[in-house]
Amino acid sequence: MSSTPVPIAIVGIGKIARDQHIPTIAADPNFRLAAVVTRNHPVEGVPAFATITDMATAMPEVKAISICTPPRGRLDLVREAIAAGLDIMLEKPPAATIGEAEAIAEAAAASDVVLHATWHSREAAAVEPALAWLADRTIRNVAIAWKEDVRVWHPGQEWIWESGIGVFDPGINALSVLTRLIGDTVLLETAALRFPSNRTAPIAADLTLSAGAIPIEVAFDFDQRGPQTWDIVIETDGGTLTLSAGASKMAVDGTPVPVADDPEYARLYRRFHHLVTTRTSDVDFSPFRLVADAFMLGRRETVDAFDWAS
Ligand code: NAP
């Protein structure tokens, strides 16, 4: 814990800023929400600015920003932040393209600022216990089912249907956990992408991945009504590990294993504070590369049109 909270600004006030970032910062003694950078969504009691540069000029005491805008356009925001000397926390996915993500990493590496390209699902409570459990076992195969209702989690967000996003916005969370557990040696073998006839982003995807001899089957769906499914099942030579509820729960051979009740974003901000304090960046684009490869190799099918009211 820091005796002096780091003054931080949030850029882009939308669902995730309101659901997670604002309450998490409010509860974290390491940070103080000093400002927001917003086009249309001021936050009561917090100074608001139109641009990062305006904010940094008016409030030089702000030391860090948390970027919560949609992925497209992040490079310009990062460049502005670097010019102002602000440490940067970046919501997932890091950018809209691999080229933009690499430019972000290079710009940060050439500067003095800390860049934390976050994967909030890696902070889910069962991920580190699962990694420890897997350490002395051999993985035989992995099956991922990540199925949620876009209407619930992204109500009315048109950017989610821009090219290159769609079901991969949640799906990349599963890939971030997978790559944390297995390492960055995971490769894409095949992909089938299902595009609504009126959209340029997929509503569902089936992927076949591999990590050496380990086969990995992945099913993503953005049109799941009723109970939502965020499961990863890992068969090993020493039993079957099941991560469920977005890797916040864990079971071995069907028997629940208790894990700490430690929310993802609380852990994420603790990690950002550690990185800021130790002047270390954390940048791993391996989940994002798998998504790009799925678009490169993916076989495309057209399915029923999507509309929010259907
Ligand atoms: P959102 O509700 O659409 O909010 C995004 C905010 O960014 C907007 O309210 C707007 O705020 C700002 N913005 C700047 N340029 C924009 C543009 N061209 N189009 C739309 N908004 C723009 O999105 P979100 O769900 O919070 O997602 C933001 C990021 O967080 C995404 O990368 C997403 O993957 C990630 N995320 C989302 C969730 C979730 O459950 N929704 C969970 C984890 C992570 P201002 O008016 O303040 O500028």
Side-chain angles (χ1 to χ4, degrees), residues 6 8-22 24-25 28 30-31 33 35-38 51-53 55-56 62-123 157 159-160 162 164-165 168-173 175-177 179-180 184 264-292:
V6 177
I8 189 169
I10 296 178
V11 184
I13 306 300
K15 187 170 187 330
I16 199 60
R18 282 200 208 85
D19 286 0
Q20 296 291 347
H21 291 261
I22 292 173
T24 302
I25 291 170
D28 188 339
N30 290 319
F31 290 99
L33 182 60
V36 295
V37 176
T38 178
T51 69
I52 293 171
T53 307
M55 186 269 299
V62 176
K63 297 294 178 224
I65 59 164
S66 183
I67 297 179
C68 300
T69 57
R72 183 167 281 193
R74 297 255 179 96
L75 177 57
D76 289 342
L77 298 175
V78 165
R79 283 184 174 141
E80 258 188 286
I82 289 172
L86 297 164
D87 294 326
I88 303 164
M89 178 191 254
L90 203 56
E91 255 297 356
K92 49 62 57 172
T97 64
I98 294 284
E100 187 186 10
E102 285 177 351
I104 286 171
E106 283 162 19
S111 77
D112 292 331
V113 311
V114 167
L115 174 62
H116 184 192
T118 65
W119 300 107
H120 64 84
S121 289
R122 284 187 179 174
E123 302 299 335
Q157 293 174 3
W159 64 264
I160 206 96
E162 285 177 5
I165 310 180
F168 287 101
D169 185 81
I172 202 168
N173 297 333
L175 299 177
S176 75
V177 174
T179 45
R180 172 71 186 139
D184 61 4
E264 287 179 14
Y265 278 82
R267 286 174 54 101
L268 205 61
Y269 272 90
R270 283 208 300 276
R271 173 141 184 77
F272 183 46
H273 186 258
H274 174 74
L275 295 172
V276 165
T277 308
T278 56
R279 309 308 302 157
T280 313
S281 287
D282 178 355
V283 179
D284 170 21
F285 295 149
S286 54
F288 196 44
R289 275 199 303 272
L290 287 170
V291 171

**Q** What are the two closest heavy atoms between Ala56 and Ala84, and how far apart are they?
**A**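 Shortest heavy-atom contact: CB-CB, 3.5 Å.
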
**Q** Can you tell me how far apart OG1 (Thr24) and OH (Tyr269) are? Round to the nearest 0.5 Å.
**A**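 Rounded to the nearest 0.5 Å, the OG1-OH separation comes to 7.0 Å.
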
**Q** Taking the side chain as everything from C-beta on, heavy atoms only, tell me whether Asp19 gets closer than 4.5 Å to Tyr265.
**A**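 Contact flag for Asp19/Tyr265 side chains = no.
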
**Q** Identify, with sequence neighbours excluded, every residue that meets side chain to side chain donor-acceptor pair (under 3.5 Å) alongside Arg271.
**A**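 For Arg271, the residues satisfying side chain to side chain donor-acceptor pair (under 3.5 Å) (neighbours in sequence not counted) are Asp282.
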
**Q** Provide the closest heavy-atom pair for Gly85 versus Val113 in the form atom of the first, atom of the second, distance.
**A**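 Closest approach of Gly85 to Val113, heavy atoms only: C-CG1, 3.8 Å.
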
**Q** If only atom types and distance count, is the side chain of Lys92 paired as donor or acceptor with the main-chain N or O of Asp169 below 3.5 Å?
**A**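 Confirmed, Lys92 side chain pairs with Asp169 backbone.
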
**Q** Any chance you could measure Leu268, atom CG, to Thr118, atom OG1, to the nearest 0.5 Å?
**A**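 Rounded to the nearest 0.5 Å, the CG-OG1 separation comes to 5.0 Å.
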
**Q** Rounded at 0.5 Å granularity, tell me how far CG in Leu115 sits from OG1 in Thr280.
**A**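 Going from the CG atom of Leu115 to the OG1 atom of Thr280 covers 12.0 Å.
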
**Q** For Phe288, give me all partners under ring-ring contact (aromatic ring centres under 6.0 Å, His included), at least two apart in sequence or on another chain.
**A**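 Checked Phe288 against ring-ring contact (aromatic ring centres under 6.0 Å, His included); zero matches.
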
**Q** Hey, does the side chain of Arg279 reach the backbone of Asp112 with a donor-acceptor pair shorter than 3.5 angstrom?
**A**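 Between the backbone of Asp112 and the side chain of Arg279 there is a qualifying donor-acceptor contact (under 3.5 Å).
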
**Q** Give a yes or no on whether the backbone of Glu100 and the side-chain of Arg74 come within a donor-acceptor separation of less than 3.5 Å.
**A**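 Looks like no, no N/O pair under 3.5 Å.
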
**Q** Keeping the roles fixed (side chain from Trp119, backbone from Asp284), state whether a donor-acceptor pair exists under 3.5 Å.
**A**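 Indeed, once roles are kept as given, a pair shorter than 3.5 Å links the two residues.
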
**Q** Side chain to side chain contact (heavy atoms under 4.5 Å, CB included), that's the test. Do Phe272 and Ile8 meet it? Break it down for me.
**A** CA-CA 11 Å; Phe272 183 46; Ile8 189 169; 3.9 Å; yes

**Q** Please give me the minimum heavy-atom distance between Val114 and Leu275, naming the atom from each residue.
**A**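 Shortest heavy-atom contact: CG2-O, 3.8 Å.
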
**Q** Pair Phe285, Ile98 - check side chain to side chain contact (heavy atoms under 4.5 Å, CB included), show working.
**A** CA-CA 8 Å; Phe285 295 149; Ile98 294 284; 5.7 Å; no

**Q** Counting only heavy atoms from other residues, nucleotides and ligands, does the tally under 6.0 Å from CZ of Arg267 exceed 12?
**A**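 More than 12 within 6.0 Å, yes.
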
**Q** Write down the atom of Ile104, the atom of Pro94, and the distance for their closest heavy-atom approach.
**A**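 The answer is CD1-O, 3.8 Å.
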
**Q** Quick one: closest heavy-atom pair of Ser121 and Val177, and the distance?
**A**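 Where Ser121 meets Val177 most closely, the heavy atoms are O-CG2, 3.6 Å.
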
**Q** Taking Glu123's backbone N and O only, do any of them form a donor-acceptor pair with Glu264's side chain (distance below 3.5 Å, no angle check)?
**A**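 No; zero donor-acceptor contacts below 3.5 Å.
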
**Q** Could you state the interatomic distance from CZ (Arg180) to OG (Ser286), rounded to the nearest 0.5 Å?
**A**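 Here the rounded value is 11.0 Å.
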
**Q** Apply side chain to side chain contact (heavy atoms under 4.5 Å, CB included) to the pair Leu86 and Ile52, showing each step before the final yes or no.
**A** CA-CA 10 Å; Leu86 297 164; Ile52 293 171; 3.8 Å; yes

**Q** For Thr38, which residues count as a side chain to side chain donor-acceptor pair (under 3.5 Å) partner, sequence neighbours excluded?
**A**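 Result, side chain to side chain donor-acceptor pair (under 3.5 Å) vs Thr38: none returned.
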
**Q** Whether the side chain of Asp87 engages the backbone of Ala64 through a donor-acceptor N/O pair (distance < 3.5 Å, no angle test) should be reported.
**A**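 No; zero donor-acceptor contacts below 3.5 Å.
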
**Q** At what distance, to the nearest 0.5 angstrom, does CD1 of Ile65 lie from CD1 of Ile82?
**A**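 These two atoms lie 9.5 Å from each other.
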
**Q** Kindly compute the distance separating CG (Asn30) from NE2 (His274), expressed to the nearest 0.5 Å.
**A**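 Those atoms lie 12.0 Å apart.
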
**Q** Minimum heavy-atom separation for Ser176 to Arg122, with atom names?
**A**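 In this case the closest contact between Ser176 and Arg122 is O-NE, 2.8 Å.
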
**Q** Should the ring pair His273 and Phe31 be called parallel, tilted or perpendicular, given that the plane angle runs from 0 to 90° and is split at 30 and 60?
**A**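 The arrangement is perpendicular - the two ring planes meet at more than 60°.
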
**Q** For a side-chain hydrogen bond (donor to acceptor under 3.5 Å, both in side chains) with Glu91, tell me which candidate from His21, His120, Gln20 qualifies.
**A**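 Testing Glu91 for a side-chain hydrogen bond (donor to acceptor under 3.5 Å, both in side chains) against His21, His120, Gln20 leaves exactly one candidate, His21.
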
